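Heads up, the thing below is written out as structure tokens.
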Amino acid sequence: VARRFSMIKLPPLSHAKDGKPLARQIAVFCQQAGLEPPNDPELIPRLVHASRERFGRCIETIIYAIEVALRCGAVQLDRQHFAEAWGMQEGCAYGRNVFLSERWSEIELHDQHVVEPQPRRKRGRGQ
């Protein structure tokens, strides 16, 4: 697979720089799913933190939250859907859930399952 695909490393997300585009993307996903988008000013900063400032994790969390909302018959996506989705992904205690805790920005998130891309090795003759 490494020969066919190159990994790109995107810069970390930030609420200040990426907040509005993320909110628009959530609205697009909600429209496609038949849901009203969330109306919570704290959602995007929490999402960026919960996603460890990674774009792919952010999108995954949004999609999982929409799945939770659809399963429970909601008409609007809200922070509780994100809390349930993220809690299932992380297996964290209630008080350590970034979407529920009052002191969410103080929760340290460690990435134990991240596989850093390895530099490509030069191939010698005959390989």
Side-chain angles (χ1 to χ4, degrees):
V1 174
R3 291 186 334 202
R4 295 184 189 110
F5 299 99
S6 333
M7 290 185 73
I8 57 170
K9 191 168 186 175
L10 298 173
L13 295 175
S14 76
H15 173 254
K17 176 179 55 109
D18 304 304
K20 287 182 182 179
L22 281 173
R24 283 193 300 267
Q25 189 60 57
I26 291 171
V28 168
F29 286 164
C30 283
Q31 181 182 23
Q32 291 174 347
L35 294 169
E36 290 294 318
N39 186 13
D40 182 345
E42 287 191 19
L43 179 66
I44 301 296
R46 288 174 186 256
L47 176 62
V48 169
H49 183 69
S51 302
R52 294 155 176 90
E53 301 173 348
R54 291 197 170 109
F55 178 73
R57 280 182 175 248
C58 193
I59 297 300
E60 284 178 354
T61 303
I62 295 166
I63 291 170
Y64 293 151
I66 289 172
E67 287 178 17
V68 169
L70 292 173
R71 283 191 191 129
C72 69
V75 295
Q76 182 176 28
L77 185 64
D78 63 29
R79 193 182 338 155
Q80 183 63 38
H81 301 128
F82 281 88
E84 290 178 33
W86 193 78
M88 286 187 287
Q89 283 179 295
E90 297 290 320
C92 65
Y94 183 86
R96 293 201 35 85
N97 190 312
V98 171
F99 294 98
L100 299 174
S101 175
E102 290 294 321
R103 299 172 71 152
W104 60 270
S105 63
E106 296 173 13
I107 297 174
E108 283 192 43
L109 303 172
H110 300 288
D111 232 347
Q112 299 165 354
H113 304 292
V114 173
V115 177
E116 291 296 327
Q118 299 297 317
R120 295 181 93 175
R121 294 181 297 186
K122 289 187 179 185
R123 296 177 67 154
R125 287 191 161 164
Q127 289 183 333

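Residue numbers count from 1 along this sequence. Remember, predicted model here, so these are calculated numbers, not experimental data.
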Show which side-chain atoms of residues 58-67 pair as donor or acceptor with protein atoms under 3.5 Å away, not counting sequence neighbours.
unit_1, atom_1, unit_2, atom_2, d
T61, OG1, R57, O, 2.9

Applying side chain to side chain donor-acceptor pair (under 3.5 Å), name anything that partners D78, two or more places apart in sequence or on another chain.
H81
If you look only at pairs with a residue in residues 24-45, which of them pass as a ring pair (Phe, Tyr, Trp, His ring centres under 6.0 Å), with sequence neighbours excluded?
none
Who are the side chain to side chain contact (heavy atoms under 4.5 Å, CB included) partners of L10, not counting sequence neighbours?
I8, F55
Table please: side-chain donor-acceptor pairs of residues 93-100 below 3.5 Å, with sequence neighbours left out.
unit_1, atom_1, unit_2, atom_2, d
R96, NH2, E108, O, 2.9
N97, OD1, F99, N, 2.9
N97, ND2, A83, O, 2.9

Side-chain cluster (under 4.5 Å, hydrophobic types only) that M88 belongs to, other residues
V68
Side chain to side chain donor-acceptor pair (under 3.5 Å) partners for Q32, two or more places apart
none
side-chain hydrogen bond (donor to acceptor under 3.5 Å, both in side chains) partners of residues 34-46, not counting sequence neighbours, each pair once:
D40-R79, E42-R46
Quick note, ring pair (Phe, Tyr, Trp, His ring centres under 6.0 Å) partners involving residues 31-54, not counting sequence neighbours, are H49-W104
Sorted by chain and residue number, the side chain to side chain donor-acceptor pair (under 3.5 Å) partners of R103 (sequence neighbours excluded) come out as E106
Residue pairs meeting side-chain hydrogen bond (donor to acceptor under 3.5 Å, both in side chains), one or both in residues 19-29, sequence neighbours left out, come to none
Side chains of L22 and V48: does their closest heavy-atom pair fall under 4.5 Å?
yes
Lys/Arg-Asp/Glu bridge criterion (N-O < 4.0 Å) met for K17, E53:
no
Nearest heavy atoms of P38 and L43, plus distance in Å
CG-CD2, 3.4 Å
Working note: I26 + I44, criterion side-chain contact (heavy atoms from CB on, under 4.5 Å); need CA distance, chi angles, decisive distance, verdict.
CA-CA 10 Å; I26 291 171; I44 301 296; 3.6 Å; yes
Could you go through the side-chain contact (heavy atoms from CB on, under 4.5 Å) check for W86 and L47 one step at a time?
CA-CA 9 Å; W86 193 78; L47 176 62; over 6 Å; no
Is there a path of hydrophobic side-chain contacts, each under 4.5 Å between heavy atoms, that joins V28 and L35?
no
